[in-house]
Amino acid sequence: MMFGSVAISYRGSTLKVHTLRYPPQLMLTRIFILKSVKDSQLDQDSIEHNSSMVDLSTPKTIDSSTKNESALAHSLPMAIPNSPSRSKDSESGIAGMSGSSSSFFTPFPSPCSSVSSTSSSFSRRVLRSQTMRMDIDLGRRRSSMDSGHTTQDEPVSRRRNPKIGLAIVIGQGKDGSEEQADKFERFFFSHFSLFESHFQKLTLVVEKALTLQRRTYITPLFEGLEEFRNSICNLYLAPRIQKPIWLDLMSYPSQRSHLCQHFLKELMSELDQHNTLNTNFFVSCLLTGVLTHHLAWVPTVMPAGVTPNRAYLDKHSSTFLDTLAKSHPYNPLWAQLGDLYGSIGYPVNISKTVIVGKKAETVCRFLFILSYFIRCSEVYEKQEKREEIAMEYKRVFSFDDVAEFVLMPSDQDYESRHLDGCTMSDEVLAASAIGDHAEGSGYLSNTESNDLETDSHDSNNLYRSSSVKTKTRDSGIASSIEHSSDCFDHADDFDVQWEQSNSNAKLKNFKKDRRFTVSEGDYFSSSDDSKHTSPISNRKLTETVQCLPVVNFPEKTENEISVQCVDTRNTTMKDSSIVCAHSDMTLEVKCENVVAVGRAPVRTKTLNFEELKLTKHLLKSGYVPPPNSLSKSVKLYPDLTNAVDSGDVNEIDIPMVDHSKLVLKPDVINSPVEETLSCASQANIDKDTVVDKDTNEITSGNSTPTLDTFTGDNLTPVTESLTTPKVHLHRSYSENCGYDPRLVERGNSVISDISLLSNKSTISNGSSNMDPEELPFMPTLSIGNSITPQCSHLENFGRSLLGGYSPNYLPDFALQGLPELDKSKLRSEIKLSTQNSVLDEPIASSMCIVADTDKWTVELLSSDMENRAPAVIPPSKLVSNLLKSIQELWQLKLAPDSCLMHLEDRLQEIYFKSTLLTDYLKSNCKAGIDEIQSRLAIDQSDIPLLLSVSGVHSSHIVYEHHYRTWSSNQQQQVQPSSTTEESQG
Amino acid sequence: MMRKMCALKNDNLYKMNAVMALCHFCELHGPSILFCTQAFHAADPQDVLDGKVKKNSYYPKKRSRSSSTGSASSQPGIANNPKTELCEACRSFQPGQPGFVSSDHEAHISYVSMQYPDQPQLFSIVRNACVRSLSCEVCQGREGPVFFGDDDHGYVFSYTFFIKDSKARGFQRFYSIIVVMMDRIYLLNSWPFIVKNVRTLIGELQTKAVKVYEQEQTATPQRAQRMGQEFFTKDQFFRRRGGGSTYRSMTDLTDDKNLFRYIHMTFTWVLKTGSSRIVEKVLQGPPKEETVVDLDKEEETEEGFIKVETKLKEAETETPPNEEEFLQHIPIEMANPLIVEEPCNDNGPVFTSLRDLRKVFGSLNFHDLAHHVLIGNQIIVRSQHLNTINSLLNILKSILPNGCCKLVPFSEKYQPSWSCNFLGLPPFTGLPPHVIENEQYILLDVLSPDMCPTNSNRLCVTEDSPFHGYGINMTSSQPLPDKGPTILAKIESILDSSHFTPEVVLTYLVCLQEEWMNKVKVVYKYSRTGKRSEDEMEQLLKVLKTEESDQQLLKFWKTGLSSQYRSHLLTSNIGTQS
């Protein structure tokens, strides 16, 4: 399993995940090539990290400009859709694309830089979506990878190097309880990036052991394994902050005032106690560090462009992200993780915060407070389920002039095919034929259908009505239409008859599973009332079966309608007769199990309002539209039946074509027929056996079944009007294809997408058109509350990586409390984490804010600093002022809510200040610290903070340009002792 | 032809983040892609946000034709295979049959199903995934989910399964459903979701196949037949191989003509739902007060059209009796009716920036002027050049928050201060006496050189600027205290600095304004919640680092708060109390 059954020629490292069933286990595998000893370095395993590694190992010696370039190239390998380079690509074609990798590394200003206020969080997500897309950029990503490969392993050395497979098997719960296993599985997959990074570390250990310590490799291997095991256990089991305040404020707006109060109380008590000279202004320092490095707060204070609605909200969730997520899916979990680590600025850093202290209570309070400032987006999971619709559907055809049709089968078929350009396959044709219900029960026996035939034949009428009988074989194979030559060959398999019957109209009832029912206009009989009784919301798919008469047409002379319903489920035939008060017609309805496969074919015909009115009018005037128009049939795609149907519909407002010739016309054959899918609520069906014609008409155009359609008052018997049916077919049945927007919402399931299908179906327009057949979307059922915040830590980084007070250091956590900290271990861990990016993108540096509540110090450990002593974080003046004023306002008894708003306002001021600084630096490239201090009235202590913030909202080029020269100045001149903040890049 | 296709492909019409495919291990042809669904996205995210996406622009119409039908000829992998070599079992679409498409016009994505992805690169990736999923990667029991992949070939979720076939070797055929993405993290995050749904689909397929299988077995028990049969003769063997009849398509195996439609719809659903399954909520900061105020104003013009009318009428009714007084009170002594011209928009000199204005006015005068502006006194400008008035007023406006500015750039007659704090008038327009006596205002006259500005209390511009030779007369209702608001000093220091580009100056002003607006907000909030003693108010002002001289400014700026903000405060306070 690890290597697969066949060797893969691929040279890079491969990642695999297997699930083992008994007992439930997950297996994570990595296969990589062991490099020769000379080449082997700790961090060369993964190509992606190469560049960052160079950065790390030689931070001082490499000339800054070249270093920047390389970092640029690798950290931002993304495309800008409409950049010049792209257009060049499009001219040169793919080859050009993959060849000129440099053109891909377009500078940061993202495609969306015009969305000024939201550039950071937005562009980050856009870029992610773009990087991961699968066509053009594929080439880009690959080409960059390829270059890495070629430089890295030479073909010759490859052959010498063995492939190593490393697998970890993780058991899911000892007790074997399914729930536990399921929980862990969810955790595993949602936190996969963390698992992967640990696994990567383990891989490095193995690699090192195998190359450098071949004789004693077992020991380090087991050590590595032990560490891996511990990390995973800790990750899964460590205590978390139960109520991270920022996320709770977002998730539970109703509790806002309470949460505000609670948070401010905690904050105030800490400010009172621990923001004094005795404690080195601990809170200010801590907050300065956190705000400087956990930058996700910046987007939350950046002013939104325009208020989306009238309601002024203190903060509102951004709508553009919703739009983006829909059109260019990215991974919200990934985005959330980046937020938490503060890796949203430039350069990309990973930051963590550790509060150390023996007094658990104090530490926990700080953790709680910081959970307001260490922010991230909230992630929700929509619990949705695909609505099960049966795979087969039944179709009833009705042609007016059966005889003629039958007489000229093959020619017609040939012709139609020919005209189609061979687009219509047998399959299509066959599919359009009546299908069997998936369950296979309740098929009509041949004899039954024959009976029907005879009945219809017996009746002689002046009016032609078409009745189609479908005989389905027991095997459940759909019978094909006569139409296709194949079908003719197997005449026995199906029988579709075109009859002229005046007196007896046959209705076929289609039964659909669930609410997708084909509804036949006036003759809506529901024999399965009992099945429809369940409330919509609670319905199960299987519960609802609807019986809808599909095809036939009552003719004027005969007044009796008898409905024969077959409950397919039970394989029982029920006879029920529906008597329409005003009509004497008899409807004979057969119910079959119909599966609605597609709810709405794209090429459905929509009746527009006028048509409807017209129809109605005609009906009242005694004009009877052809049966098909009244009836609703499910159709997936254009077929003969549909054509006929549509023809009927069109007949009303359009001059008719002789239907007998209809068959001969290719376009008719291909043409999509009006589809009548309607979803009837069961309750209504129960009550009204007859469906209003209007309703049907309306719904007929829609591809989407709606419950709503039938719920209205429209269900009134109109049958009386159907006295004189004239059946005419119109050629242009396809013109009004579209969906009725009303059908968008069905029951509790949202099918907004369905309504959006284009009105014009290309397919219907011409037989020669080869455009793909348009199909509707499957309906979605939401399970439970459609959107609920993920408040467990299982699937939400925001809740899982804000740790509580735990005995051990936990490398993954963005925030955590500890009694003690081993700094050397932390240091090495930080360094490692730079090499194994959890974010799947290169990281410039990794840092950890260590706040000691015993000694009241706040220090920063950075992977940049090598072996230097941790730097002390000085309090920023802006931050201390902010805290002070909040404190004083609180003392003045300003409402907690207002205090918090003021806090946000002040954070926004910091943001504005940083824009000022950025703007200034843009025009004054060589500005020094003193200059900034004097001219911009920015305190020196604020500069690191402001620069950091600039990295979030501003083009990194400007930032970078000034930052380098400038931070070095600062280090030397101003803060020789503490270079920490400035050197973050 | 090929070139053209390349161009089309790079058309940037589509992007996809995942491809979902059904693969089959054909007894004759080995692993093959049977059916494949891709998502095509609108090109530019920005367009989507701006609502610029044209319908169907993300829907690769032209290409799709070639894709489904002519795939065989354009695919690198199949290029050498004439279509006829594909047996039924390896085929989902008949030659010439178009693919399927479902379009989500809201999100601007179309999901297109074809037998193969028609882009060579993508084809090779999917093909690679297909081969690996069916013949390389193993999972326990051979049926089940596996994840594998690398950076070059993308990452693949594969679920392998068997379908019953009474005529196949071992009475079953081997299939897999794969999902290919470049984003392995996303793919793995979606694992539980994908497994659940793919498993359901496979279950459905298998159920159908079993039914067919059982029927066929009852009809002609294959096992018995095969047992009784002698071992293949060579002849038979080749017949079996060559004859395609044994290699039945999945449609036949399940006896479902619509199988691939159904699969398309299911794949589409999985892709669509899978990409929107996890939703993210990101908070943004509140919009700048200015933006909100702008919205406020827009609304006023919509509903308040009539109001404005009435105001004007009132003003008219008031003014006639005063008309005589007007003339008497023209504060400019040099008024010479002969020179009076109608204000024109043509060639008057304009102020380009605050700095420019300050230079023309001189720093002292500017100080006074800005002071008046900041505390909300009415600024009245009289000039014969409309563009001069406009530029002057607009520049002065920039030091005030948007909400505080009520601008009437030009009016024939005096407009009261409650209706505007910036007013442009034609030269020599008189002010009503009550205004002169009671109101706080500053009157600026910009006099062209031909008006002979020689009076001593006028400023004569001597500098080299468009205003050279112009006279500027400032008359204020009453002297202001020496000490201006704190913000004024800052503004002046900004203007003093020669190092700031105009852009920086603007940013700086925004900074200052927001800073002071925040103070104003606190004062407003504080005074709105409960009664506060004077002491407390004083305390508050101290906390906010405001001084006595800022009082007027705070008071005035309060009027600039948008109505939205006010109502928001009101509701939020209610919320707090409850």
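Here is the naming used below: chain letters follow the sequence lines, and residue numbers restart at 1 for every chain. Quick note: numbers below take in every heavy atom, side chains included, and nothing from hydrogens, waters or symmetry partners.
- Top candidate by heavy-atom pairs under 4.5 Å with chain A, chosen from B:Glu536, B:Glu216, B:His264, is B:His264.
- For the set B:Gly149, B:Cys139, B:Pro145, the count of heavy-atom pairs under 4.5 angstrom toward chain A peaks at B:Gly149.
- The contact between B:Thr200 and chain A is made by backbone and side chain atoms together, counting heavy-atom distances below 4.5 Å.
- In this structure, B:Phe147 and B:Tyr155 have parallel ring planes: the angle between them is below the 30° cut-off, well short of the 60° mark.
- For B:Lys490, no part sits under 4.5 Å from any heavy atom of chain A, backbone or side chain.
- Chain A forms more heavy-atom pairs under 4.5 Å with one residue of B:Leu544, B:Val522, B:Leu540 than with any other, namely B:Val522.
- Between the side chains of A:Asn331 and B:Asp183, no donor N or O sits under 3.5 Å from an acceptor N or O.
- Taking B:Thr273 as the reference, A:Glu384, A:Thr780, B:Phe193, B:Trp269 meet the side chain to side chain contact (heavy atoms under 4.5 Å, CB included) condition, with sequence neighbours excluded.
- Panel note: side chain B:Asn189, backbone A:Phe189; a donor-acceptor pair is recorded below 3.5 Å.
- Relative to the six-membered ring of B:Tyr111, B:Lys272 misses at least one condition, a distance below 6.0 Å or an angle of at most 45° to the axis.
- No other option in B:Tyr508, B:Trp191, B:Phe148 has as many heavy-atom pairs under 4.5 Å with chain A as B:Trp191.
- Both the backbone and the side chain of B:Thr266 come within less than 4.5 Å of a heavy atom in chain A.
- Here the side chain of A:His902 pairs no donor or acceptor atom with the backbone of A:Asp897 at under 3.5 angstrom.
- Interface summary for chain A: among B:Thr507, B:Leu188, B:Val504, B:Leu506, the most heavy-atom pairs under 4.5 angstrom belong to B:Leu188.
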